[in-house]
There are 2 protein chains.
Amino acid sequence: MKAEALKGHLDGLLLAIVDGGSTHGYGVISALHDRSDGAFDLPEGTVYPALHRLERAGLLESSWSTAAGRRRRVYAITAAGRAALHDRRADWRSFTTAVDAVLGGVA
Amino acid sequence: MKAEALKGHLDGLLLAIVDGGSTHGYGVISALHDRSDGAFDLPEGTVYPALHRLERAGLLESSWSTAAGRRRRVYAITAAGRAALHDRRADWRSFTTAVDAVLGGVA
DNA sequence: CCTTCATGCCTAGCAATGCTAGGCATAGTG
DNA sequence: CACTATGCCTAGCATTGCTAGGCATGAAGG
């Protein structure tokens with residue numbers, strides 16, 4: 001799968017993961033991996049900045065916690081985040097409909 | 001629909017359009033518009049450079065023709081382009097499967 | 001004839017985003 | 001004290017679609 005395919009869709013995926021249960025960065029990465037059956041295996045350099053963007057946008061909020069003596073940043077979704085997730089799901093549906101119409105279209 | 005959503009998927013759409021019948025740039029734009037039921041309304045500055053990329057990659061080839069006294073660059077898909085289109089369709093299917101698994105997943 | 005407008009193509013530069021590569025701090029082990 | 005593993009973070013890059021504007025040809029108006 002080409003790397004650029006993910007562009008613009010990652011935010012929705014992250015919101016969906018965090019909405020399904022608060023986790024820290026590594027947890028998000030492995031949840032993505034598991035839920036997608038291995039299709040998504042994203043590096044930290046992709047996920048961390050994206051989480052920060054979402055927090056800066058007010059869609060997630062984070063707090064530090066200590067587990068096994070290590071600092072972990074744990075994310076939770078906000079009300080605005082849930083609304084955004086709802087929009088993202090709708091966007092995704094219309095996007096796939098449009099792409100399917102063109103790709104599958106006449107062939 | 002957010003602009004970035006399209007990133008990485010445009011090439012496949014263009015290949016599919018040209019595969020469905022050779023056209024010039026404007027023709028591609030309106031075909032995208034029509035087939036997607038208005039969802040895709042892409043500016044020239046998006047489509048022309050993308051067509052050039054695909055031609056440089058050997059997936060499309062173009063020739064000049066004159067219609068109604070105006071120069072038109074008409075695109076046709078190559079064998080490599082058809083193979084790439086096939087791959088893109090497969091990529092699209094696995095991508096949607098993975099995203100659906102995460103987005104629709106547990107909710 | 002000269003000016004104005006429409007068609008159709010093209011490109012420079014920008015902004016957004018995911019990735020590569022590398023760094024920081026703490027805890028446990030020899 | 002050195003060394004490794006866990007977990008977080010960031011700088012800089014490459015790609016890509018978009019905005020804004022330009023070029024050439026042909027048709028319409030004074």
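In the text below, chain A, chain B and the rest are named by the order of the sequence lines, each starting its count at 1. Atom set for the values below is all heavy atoms of this structure, side chains included, hydrogens, waters and symmetry mates excluded.
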Please state how far atom [atom1] in [X] lies from atom [atom2] in [N], giving the value in whole angstrom units.
X: B:H9; N: C:dT17; atom1: NE2; atom2: P; value: 14 Å
X: A:L42; N: C:dT17; atom1: CG; atom2: P; value: 16 Å
X: B:R73; N: D:dA24; atom1: CZ; atom2: C1'; value: 15 Å
X: B:D41; N: D:dT19; atom1: CG; atom2: P; value: 11 Å
X: A:Y26; N: D:dA5; atom1: OH; atom2: C1'; value: 10 Å
X: A:E44; N: D:dT6; atom1: CD; atom2: P; value: 11 Å
X: A:F40; N: C:dG18; atom1: CZ; atom2: P; value: 11 Å
X: A:R72; N: D:dC9; atom1: CZ; atom2: P; value: 13 Å

Intermediate values then yes/no, side-chain contact (heavy atoms from CB on, under 4.5 Å), B:T96 and A:D100:
CA-CA 10 Å; B:T96 53; A:D100 283 338; 5.6 Å; no
Using 30° and 60° as the class boundaries, would you call the ring planes of B:H9 and B:F95 parallel, tilted or perpendicular?
tilted
Nearest to side-chain heavy atoms of [X], which nucleotide of [options]:
X: A:L6; options: D:dC9, D:dT16, C:dG18; result: C:dG18
X: A:R53; options: D:dT19, C:dA16, C:dG18; result: C:dG18
X: B:P49; options: D:dT10, C:dG18, C:dT11; result: C:dT11

Just by distance, with hydrogens left out, do B:S65 and B:R72 show a side-chain donor and acceptor under 3.5 Å apart?
no
Judged by modelled atom types alone, do B:S62 and B:E55 share a side-chain donor-acceptor pair under 3.5 Å?
yes
For A:G45, which contact category applies under a 4.0 Å heavy-atom criterion: base, sugar-phosphate, or nothing?
base
So, OP1 or OP2 of [N]: does either fall under 4.0 Å of a side-chain N or O from [X]?
X: A:R71; N: C:dC24; answer: no
X: B:H52; N: C:dT11; answer: yes
X: B:Y48; N: C:dC9; answer: yes
X: A:R70; N: C:dT26; answer: no

Between B:G8 and A:Y75, which is nearer to the 5' end of DNA chain D once each is assigned its nearest nucleotide?
A:Y75
Quick check: closest heavy atoms across A:L85 and A:G12, and the distance to 0.1 Å?
CD1-O, 3.7 Å
Side chain of A:K7, base of D:dT16: donor and acceptor closer than 3.5 Å?
no
